[in-house]
Amino acid sequence: MNKNIKKHSRKNISDYLVFLGPGLLLAIAAAGESGLSEAVEIGAHFNFDLIWVIALILIFKFAFVNGIARYTMSTSETFFDALKNLPGPKNWAVFLIFAIYLLEMIAFGGMLLYGGIFLDYLMPGANYYPVILGILSLLVILLLLWKDSYERIEKIVVAIVILITIGIIYSLTEFHLPLGPIITGMNPLIPEGSLVPIMALMGAVGSGMNLVLYSVWLHEKLDGRRGKEIFTRFMKSVNLDLILSFVLVAVITIVFITLGSSGYAMSYLEHGESITIDGMICQVLYVISAIPYGMTVFLLFGYIILFGAVLTGMDGRSRALSSLLVSAFRIGTGEKKLYHIILLVFSAIIIGSLFLGEGNPLMLIHHAAAVAAVMFAVFGIIIIYLDLNLPAYARGNRLWLSIMGVGCITFLYIALKLESSILWSGLPLIERLFVVAFVLYVFSKTEMFGRLINGAAGYMDIFWTVAIFGAISVYGTMRGIEYYGLIINFRDLGPMIAGLLGGPWTGGLAGLIGGAYRYSLGGWTALSCFAATVVAGVVAGLFCYHYKGEITYARAALLGIIVESLHIIVIFPLLSAPDSLEAYITVVHGALTPMIVSNIAGLLIFVYIYKDRAGKLHVYRLLPWKKESTENIEEDSG
Amino acid sequence: MTARKIRAYSLITALLLLLAASSAAPGCIYTANEELPEEIVIGALLPLSGNMQEYGIKAMKGMELAVSDINEEGGFDGAKLVIQYHDTAGDPENAVAGYISMAESGIPVVIGDITSAGTLAVAPYTSEYGVVLISPTATHPNITNYDHVYRIIASDKYQGRGAARIISILYPYVKTVAVVYADDEYGNGLRDAFLETEKSCGFEITGRIPLDADNDCYDEEVAMICDYKPDAIFLIGYTDEAGEIVRKVHEKGCDPVWFGTDSIVTEEFINSSGNLSEGITATMQSIRLDEDFRERYEEKYGNGNVDWIYCYAYETVIVLEEAIDLGGHTSDGIKEALGKVRHIGIIGPKVFDKNGDVPPSFDVLRVENGEWKQIKWREILQRKYDQEHIKKTSENH
């Protein structure tokens, strides 16, 4: 009897321990990235006022991973497998995750650069530069990953966990955690200027898009096992793993906030006062230096944290993507080879961002984290959708659903509230594109649309097309956002779609309407914006002609890049004559990416809609008075 | 060799080539130390005589220790470092003359002046002569405005406001404060920074009393202080005059809280004010000494109370060594290199921003048993957080 009880309790305990590990690994990445790059700065600028954000984020992210875990345990599929079967255009979520992971490599470049700065302090007098140190770190990471040895990586990461824990305990002996301000910080107030940091925290604390990799790790540990029994037996272990991880993340984050806050206190700076990255590091080092060897230990641990985050992040993402590519697109190349290729692609982006972010690596990390915050809302909705299709035993309860729902809405709300601060990402413009999408959808259901794509359009159809897309162009300007005298917008989208539908003349005329409205608004970029809008319509018409009407998603994206690059890089400096190179660079830096992103988003919506009606677009003659091609009509009637 | 290995080696080679290419660009700036002379000479402007002599000599001792450390390590590829001193006697005009003469003799970098007045006097000439000026101790906020001027110590715009903040944290009962300040660039700069905080620190500044360095006695100033009857005095003065003020105010029967700045954090101030210095608090620039350095100092000078001026002067030379190593023995090279140096030494981490300033960082000290002792930041922060918590809670109610 006694033996049975002992055996039973041992089994129970071991059930709790089976899945301890993956979550803790995630905690490393989270503690590393968010602690060093976000929390220290948050503490410096806002003291403990944003503790409530961290608490809410961690609750949401717990629910987020819990949803992923339940899906994986009950179906034995990874979250990535689920993405392939979502409703909508084929594999859209796969493309989305691919794009996000590529984007995250920019942040990884920022982390290696930041780590390079840490190393630069550790080696005084040596002729080292953070960029070179970042590249060297990347080289070591590649060598470690090249053999695809997960065991080795796991050991390295576990060693880093131990080192960080020791470092934090060591630090805590010198400066206390002020409980009073932490409790007061649970009061949900949004201090002035804190929206961007809040969004960066949302993206980074408790791990960024690393979290979806949890399902890959879990899938490997499950080894094909699934079903109700496995779920009931092991879900508690998963939850324990997650709870421990998020508690650890919370503690580490608060410690880093305290570090930042203390550094600012002893520097006599005001909260919110601007400070360079080196200035911030110096202040933290002063606080830490109260402990013997504190500075060296902190710099070394800081470097290891960042190194570890990039190492595990690159590994997990490459594995996930290689597996996705093989299964979603049936690529013949072996998964391992693909893993290596993806690692190289990632490395190329990381090296690029090392040079790009030399002056301000934290900016790269913040921007990627802000995008990740929006993606949490998108993937949160996907998880809710997946959850609804799970067997009853695995489905989330009402509390879970409420947390996820409120969390997704909050993440989106903060993103939209931020629109003027995250111009670079084009997110607020994409939100406005939903209006355009609605108009396009309605337009696509008309007979006129059918005549246009079949080459049967008359002059009245062309007239209405010019009018409608000219109006969309005007709307694109009206809902644009002013940035350094330039209105960042999707004004070019209307003429481009008109050009694709009705040829260069139609596009040019629609551009004339949108451009004229923009010109009437004035400003030092008025003339170049007017010209660029007309050019956008004409170029789109020529583009359609060149590709014989076969406008795919990739070609639509290419068109967006060509038109916006022409606009910002060529027409703008030619016709607007910026005061200085600095003014030109400011505009290019601030406007190019969001305009490309928003216009491409609009074009992709258009391609999705027209593909629903026809295989390809009709190709209109460059000179309208000549007889139009009847190619499409013949094909369609045939 | 298998195809897999070939691929792996190709990857490593490609990355190494990339690394070499990327390292070539910044590296080519710093190759000037190949043709170094037998001696690398740098200049220093110090008040080695006059009423600031005490500070000047301490700075010289710190610099000489650094020189001996550098030369013992082999100097610059065998070339010895030598500092050519110019005695300014505490006169800014004299400092200008010294700088010009050193610049004309081809010296690429000049350390100095240790006073804000001297540094501010020389600063306008630096763009004309193009010779880098780096001060170990000048703290006036306006020094930040010159292209060729660097300093390894933080601006007083931070120390002034910090002093006000620390007074309100450590002495929350203080409601009135009198500012007693040396009537020169240093004193006026700190006074202004302190006055800016008047509205936010919870006390009223009731008196502003300048101290004229030419005075033999300060009876008039002491009478004014006692008339104001402030709860606390913010004392911005040099060792001797500060000691005298503390003594005379006490003799008049006044007993305010005394709070000072880095200029009184010296052994001489404690000697000058005797037992009255007990409990006096001051804010000063951070120093992170290791035991090894303290022992060496004690061995050399017979006591272990390492003065902060000594440390800042020592570290200025060490940072310059790093800059010359990186950028070569030219003013342009040194200037460029100073913008890249990330240094951790006995006064903590130092990195210059685009204005040639370093990030601020301070300690708070108190005289205990005849010695300046650092108050733990844990204690200060604990009080600060407690006060903020009480304030927020009362506001919410």
Side-chain angles (χ1 to χ4, degrees), chain A residues 47-48 117 120-125 127-132 135-136 138-139 142-143 146-147 174-176 178-184 187 258 261-263 265-270 275-276 278-287 289-290 292 294-296 299 340 343-344 347 351 354-355, chain B residues 7-8 11-12 15-16 18-19 22-23 26-27 30 154 157-163 165-166 200 283 286 288 290-291 318 321-322 325-326 340-345 348-354 358-364 374 376-378 380-382 384-386 388-390 392-393 396:
Chain A
N47 220 4
F48 294 93
I117 293 176
D120 203 20
Y121 277 104
L122 278 174
M123 295 183 279
N127 192 1
Y128 293 122
Y129 291 87
V131 174
I132 298 169
I135 293 174
L136 275 175
L138 179 63
L139 193 65
L142 275 180
L143 285 173
W146 203 249
K147 285 193 170 180
E174 187 53 34
F175 58 98
H176 68 301
L179 285 178
I182 290 173
I183 294 164
T184 318
N187 189 12
T258 314
S261 173
S262 308
M266 70 181 291
S267 69
Y268 297 156
L269 285 161
E270 301 290 347
I275 184 170
T276 61
D278 275 301
M280 196 175 71
I281 295 173
C282 284
Q283 266 136 40
V284 168
L285 290 179
Y286 268 116
V287 176
S289 66
M295 286 194 272
T296 311
L299 289 168
H340 287 157
L343 278 181
L344 290 180
S347 303
I351 289 171
L354 280 171
F355 287 99
Chain B
R7 279 202 302 275
L11 169 75
I12 295 165
L15 284 167
L16 285 174
L18 183 70
L19 183 68
S22 60
S23 60
Y30 304 112
K157 77 171 177 180
Y158 304 108
Q159 186 172 201
R161 71 162 81 137
R165 203 181 290 168
I166 299 295
S200 58
T283 176
S286 286
R288 295 290 177 255
D290 59 30
E291 271 314 300
I318 299 291
E321 179 220 4
E322 208 173 305
D325 252 347
L326 285 171
K340 309 240 180 212
V341 164
R342 288 190 173 93
H343 176 81
I344 294 180
K350 294 292 166 198
V351 55
F352 297 101
D353 64 18
K354 59 182 176 11
V358 291
S361 189
F362 296 86
D363 287 327
V364 182
Q374 190 187 331
K376 292 241 176 217
W377 272 102
R378 183 167 41 187
I380 298 167
L381 293 175
Q382 173 73 60
K384 174 178 174 269
Y385 293 137
D386 288 350
E388 282 174 359
H389 183 59
I390 291 167
K392 271 193 184 172
T393 313
N396 289 342

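In what follows, chains are A, B, ... by sequence order, proteins preceding strands, each numbered from 1.
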Find the distance between OG1 (A/Thr258) and CG (B/Leu381) and round it off to the nearest 0.5 Å. 10.0 Å
Selection from B/Ile166, B/Val364, B/Val341 maximising heavy-atom pairs under 4.5 Å formed with chain A: B/Ile166
Could you check which of A/Thr276, A/Ile281, A/Leu285 has the highest count of heavy-atom pairs closer than 4.5 Å to chain B? A/Leu285
Any side-chain heavy atom of A/Leu299 within less than 4.5 Å of one from B/Ile344? yes
Minimum heavy-atom distance between B/Gly348 and A/Met295, given as atom pair plus value: CA-CE, 4.3 Å
Given that the side chain runs from C-beta out, which part of B/Val358 has a heavy atom under 4.5 Å from chain A: side chain, backbone, both or neither? neither
Check whether any side-chain heavy atom of A/Cys282 lies under 4.5 Å from a side-chain heavy atom of B/Val351, and answer yes or no. yes
Within the structure provided, determine whether A/Gln283 and B/Pro360 are in side-chain contact (heavy-atom separation under 4.5 Å). yes
For B/Tyr158 and A/Ser267, the nearest pair of non-hydrogen atoms, with its separation, is CB-O, 4.0 Å
Which bit of B/Ile318 is near chain A, if near means a heavy-atom gap under 4.5 Å: side chain, backbone, both or neither? neither
Kindly give the heavy-atom pair with the smallest separation between A/Tyr121 and B/Arg342, and that separation in Å. CE1-CD, 3.5 Å
What heavy-atom pair brings A/Tyr286 and B/Lys350 nearest, and what distance separates the two atoms? OH-NZ, 3.1 Å
